[in-house]
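Chain identifiers are assigned alphabetically (A, B, ...) following the order of the sequence lines, protein sequences preceding nucleic acid strands; residue numbering begins at 1 within each chain.
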Amino acid sequence: MLVQERYREFDPAEVRAVAMELKGLEGPLLPILHALVDRFGHVDRRAVPIVAEVLNLSRADVHGVVTFYHDFRQEPAGRHVIKLCQAEACQSMGSDRVLAALETALGIRMGETSPDGRVTLEPVYCLGLCASAPSAMLDGELHARLDPVNVLALAQEVAA
Amino acid sequence: MSRVRVFIPQDAAALAVGAGQVVARIRAEALTRGLDIEIVRNGSRGMLWLEPLVEVELPQGRVGYGPMTAAEIPSLFDAGFLQGGSHPRGIGLVADHPWLTCQQRLTFARCGLTAPLSLDDYRAHGGLAGLAKALQMAPAAIIEEVTRSGLRGRGGAGFPTGIKWRTAAQTEADQRYIVCNADEGDSGTFADRMIMEGDPYLLIEGMVIAGLAVGATKGFVYIRSEYPHAFKTFVEAIRIAEAAGILGDDILGSGRVFHLEARLGAGAYICGEETSLLDSLEGKRGTVRKKPPLPAIQGLFGRPTIINNVLSLTAVPTILAMGGDFYQEFGMGRSRGTMPIQLAGNIKHGGLIERAFGLTLGELVEDLGGGTRTGRPIRAVQVGGPLGAYWPTSLFDTPFDYEAFAARGGMIGHGGIVVFDDTVDLAKQARFALEFCAIESCGKCTPCRIGSTRGVEVMDRILAGQDVVHQINLLQDLAEVMRDGSLCALGGLTPMPVMSALTHFPEDFDRAQSAQAAE
Ligand SMILES: Cc1cc2nc3c(=O)[nH]c(=O)nc-3n(C[C@H](O)[C@H](O)[C@H](O)COP(=O)(O)O)c2cc1C
Ligand code: SF4
Ligand code: FES
């Protein structure tokens with residue numbers, strides 16, 4: 001599967017359908033926003049009023065929730081996303097050196113997306129792999145016991 | 001030859017180091033060699049430095065090999081591992097491994113032994129015994145049993161679980177909720193993740209018992225989104241438990257009702273704080289609520305709500321099955337029962353140890369953990385997550401116990417221990433603690449929101465060797481303001497790692513000297 005094809009184009013009818021489908025849950029907003037990210041890769045600005053209307057909330061309410069949580073990105077990410085753990089257990093095993101090696105290999109800094117839209121590099125604070133640090137997640141797949149050398153395999157994977 | 005069973009964990013920590021490739025290679029190799037094997041994907045035993053750990057079931061018990069790589073699998077077959085043959089990666093009978101024989105596993109008794117989603121396995125290894133008992137008991141008697149066990153919340157604050165349950169049960173309401181806090185945001189912790197991936201029915205059983213005890217018919221498990229594997233396993237476990245009548249409108253034919261839903265967090269550390277978590281479940285920004293009212297009186301959607309950590313709820317089935325007295329015989333002082341302790345970071349033998357409270361910090365990281373993975377001397381350990389204190393080796397005689405840790409200016413929190421070798425810079429760690437607070441603050445109170453940002457600036461000047469004495473005074477004042485003026489423990493406890501670093505490792509803050517020396 002090509003990663004580019006993972007996400008669908010923004011479609012107001014589809015946003016509404018997603019919101020309608022989950023509306024019956026107790027506290028439906030987070031599940032709806034997760035479903036939108038799963039489908040479209042991000043929460044498009046244009047989705048906010050639709051979700052607000054379905055849930056009978058104000059746009060400001062929905063917008064406030066979208067912006068509060070790290071997971072609900074408002075811009076599309078790169079075609080691949082690498083989340084590198086930056087928390088203490090990974091620090092103790094040299095996550096800073098792993099980060100430096102990865103930044104050099106990808107030609108971008110932490111928090112950036114490559115200009116060709118190929119990859120986004122983001123921090124994450126703990127993946128629960130703290131006994132096998134440092135760790136990372138590439139497109140949902142976990143990698144642990146990283147070092148400045150073996151992390152280059154991740155860079156190669158996103159280059160392919 | 002009869003079919004041999006081979007166990008390879010499905011745990012995220014095993015997958016992250018190639019368990020999937022090991023499985024594929026074992027399958028392929030068995031096929032080529034015409035050997036009939038059955039592969040079982042179990043949970044992890046918690047010996048994470050040995051993952052991927054391959055186990056073969058033999059008449060004398062399960063024989064283990066680890067850590068394995070896919071490339072080494074042919075040599076494992078050549079060595080006759082299906083008959084327990086010797087191989088450089090062999091560790092012998094897994095159950096006899098000193099890491100496991102020294103433990104007192106109550107909560108993690110099944111984890112790693114069974115196929116996590118097999119209800120037959122769960123029942124065959126003692127599962128549902130606690131629920132069966134609870135169904136025969138009056139709600140007040142269940143609460144009494146939990147109170148008698150001495151169980152205190154394993155999420156960090158150590159509040160007595162029985163008292164919390166009684167409060168919710170005694171509050172009049174048309175609906176009550178059980179909420180499980182599976183946000184496990186602390187670095188150095190993974191016990192919640194391991195039990196949800198390795199023995200998910202245990203958490204379901206604990207939550208159903210909690211529901212029976214307080215008269216709640218609905219529960220939520222709030223799982224952090226950084227744990228997609230745990231979430232997937234748990235959703236599947238709920239589906240199977242519903243089909244088997246462990247959840248639903250007629251629990252095990254008793255006519256009692258309990259429904260359970262798994263919900264995904266969205267990448268905010270503060271949503272581990274209980275009131276913020278409740279707001280998040282309701283579909284709001286995860287900001288912290290003022291207490292009172294306590295969640296047990298006015299929680300989710302304004303109803304009485306029990307909110308407990310995964311490890312608190314998964315201790316409950318054992319307490320019901322074996323009795324509160326049995327459970328409270330483990331431990332020391334006011335810390336009763338067992339605690340799943342997680343050894344993490346720069347440690348040779350990292351993983352999960354469940355033991356009665358009372359082992360010392362030194363016994364844990366040096367004797368059991370085997371010192372650092374890099375082989376250098378230990379310089380500091382951080383206990384209890386990002387809000388926990390940094391400890392020097394001179395305090396390694398501190399027993400693992402809520403009160404003993406508090407008495408020395410720290411906390412055990414969720415039981416995570418992160419080890420650092422002598423290359424660590426405690427001033428940088430102090431800066432990180434403040435930076436983390438600034439990133440994750442919910443923004444409600446100034447000392448936390450602004451104080452943490454100021455703190456980062458102060459630390460930057462200290463790290464640069466500028467005006468150090470004055471900056472350290474500022475840091476101390478700032479810490480006091482944050483500690484006394486914050487609504488919750490994110491702002492209130494961030495001073496703990498910062499001040500413990502300064503107290504125990506002042507030489508790392510003394511940059512002026514090193515700056516001068518460099519001139
Ligand atoms: C900033 C912050 C983060 C927290 N994170 C968690 C967490 O990830 N998991 C957890 O169980 N408790 C966490 N807590 C503690 C909860 O507020 C609460 O005490 C706990 O869920 C109660 O359950 P227990 O009594 O079973 O421990 C956190 C508290 C604070 C202040
Ligand atoms: S201390 Fe920080 S995280 Fe806690 S309520 Fe105040 S601003 Fe929010
Ligand atoms: S700190 Fe990196 S995985 Fe936990």
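The two residues A:D71 and B:G267 make their nearest non-hydrogen contact at OD2-N, 3.5 Å. Taking both residues in full, the closest heavy atoms of A:H34 and B:G265 are given as NE2-O, 2.7 Å, listed atom of the first, atom of the second, then distance. Smallest separation of non-hydrogen atoms from A:L29 and B:G283: CD2-O, 3.3 Å. What you find for B:G350 and A:A131 is that their closest heavy atoms are C-CB, 3.8 Å. Nearest approach of B:A344 to A:A89, heavy atoms of both residues: CB-CB, 4.4 Å.
For chain A, the nearby parts of B:L264 are the backbone and the side chain; heavy atoms of each come within less than 4.5 Å. Interface remark: B:T423 contributes no atoms to any contact with chain A (heavy atom separation under 4.5 Å). In this structure, chain A has a heavy atom under 4.5 Å from the side chain of B:P228, while its backbone stays farther away. Interface residue B:L15: only backbone heavy atoms are found under 4.5 Å from chain A. Proximity to chain A (any heavy atom under 4.5 Å) is restricted, for B:Q429, to the side chain, taken from C-beta onward. Residue contact with chain A, scored on non-hydrogen atoms closer than 4.5 Å, involves the backbone of B:E282 exclusively. For chain A, no part of B:D421 is nearby; none of its heavy atoms comes within less than 4.5 Å. Contacts of B:F301 with chain A are made by side-chain atoms alone, with heavy-atom separations under 4.5 Å and no backbone atom involved. Proximity to chain B (any heavy atom under 4.5 Å) is shown, for A:S135, by neither the backbone nor the side chain. For A:V124, the part lying near chain B is the side chain, with the backbone staying farther off; criterion is any non-hydrogen pair under 4.5 Å. No part of A:E141 comes within reach of chain B, as not one of its non-hydrogen atoms sits under 4.5 angstrom from that chain. No part of B:K428 comes within reach of chain A, as not one of its non-hydrogen atoms sits under 4.5 angstrom from that chain. Looking at B:H229, the atoms closer than 4.5 Å to chain A (heavy atoms on both sides) all sit in the side chain, from C-beta outward. Contact annotation for B:L300: neither backbone nor side-chain heavy atoms come within less than 4.5 Å of a heavy atom of chain A.
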> Taking it one step at a time, do A:E88 and B:Y390 satisfy side chain to side chain donor-acceptor pair (under 3.5 Å)?
Replying inline: CA-CA 11 Å; A:E88 292 90 337; B:Y390 283 96; 4.8 Å; no
>> With side chain to side chain donor-acceptor pair (under 3.5 Å) as the criterion, how do B:S225 and A:Y69 come out once you've worked through the C-alpha distance, each side chain's angles and the decisive distance to 0.1 Å?
In response: CA-CA 11 Å; B:S225 61; A:Y69 296 96; over 6 Å; no
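B:D425 contributes atom CG, which lies 11.0 Å from atom CD of A:Q91 (distance to the nearest 0.5 angstrom). From A:L142, atom CG reaches atom OH of B:Y227 across 10.5 Å, with rounding to the nearest 0.5 Å.
B:E51 is not listed as a side-chain neighbour of A:S132, based on a closest heavy-atom distance of 4.5 Å or more. Proximity of B:I270 to A:F68: side-chain heavy atoms (C-beta onward) are separated by under 4.5 Å at one or more points. Considering only heavy atoms from C-beta on, B:V424 stays 4.5 Å or farther from A:S92 through its side chain. With a 4.5 Å cut-off on side-chain heavy atoms, A:H70 and B:E440 count as touching. In this structure the side chain of B:R224 reaches within 4.5 angstrom of the side chain of A:C126, judged on heavy atoms. You'll find the side chain of B:R373 reaches within 4.5 Å of the side chain of A:R145, heavy atoms only. By the 4.5 Å heavy-atom criterion applied to side chains, A:L25 and B:R263 are counted as neighbours. Counting heavy atoms from C-beta on, the side chains of B:R285 and A:T67 come closer than 4.5 Å.
Between B:F436 and A:Y125, the ring planes are perpendicular. Angles over 60° get that label, and only those under 30° would be called parallel.
Heavy-atom contacts from other residues, nucleotides or ligands closer than 6.0 Å to CD of A:E26 number more than 12. Within 6.0 Å of the NZ atom in B:K218, the count of heavy atoms belonging to other residues, nucleotides or ligands exceeds 12. Annotation: A:D116, atom CG; neighbour count of heavy atoms from other residues, nucleotides and ligands within 6.0 Å is above 12.
B:E226 and A:K83 are not joined by a salt bridge, as no carboxylate oxygen comes within less than 4.0 angstrom of a charged side-chain nitrogen.
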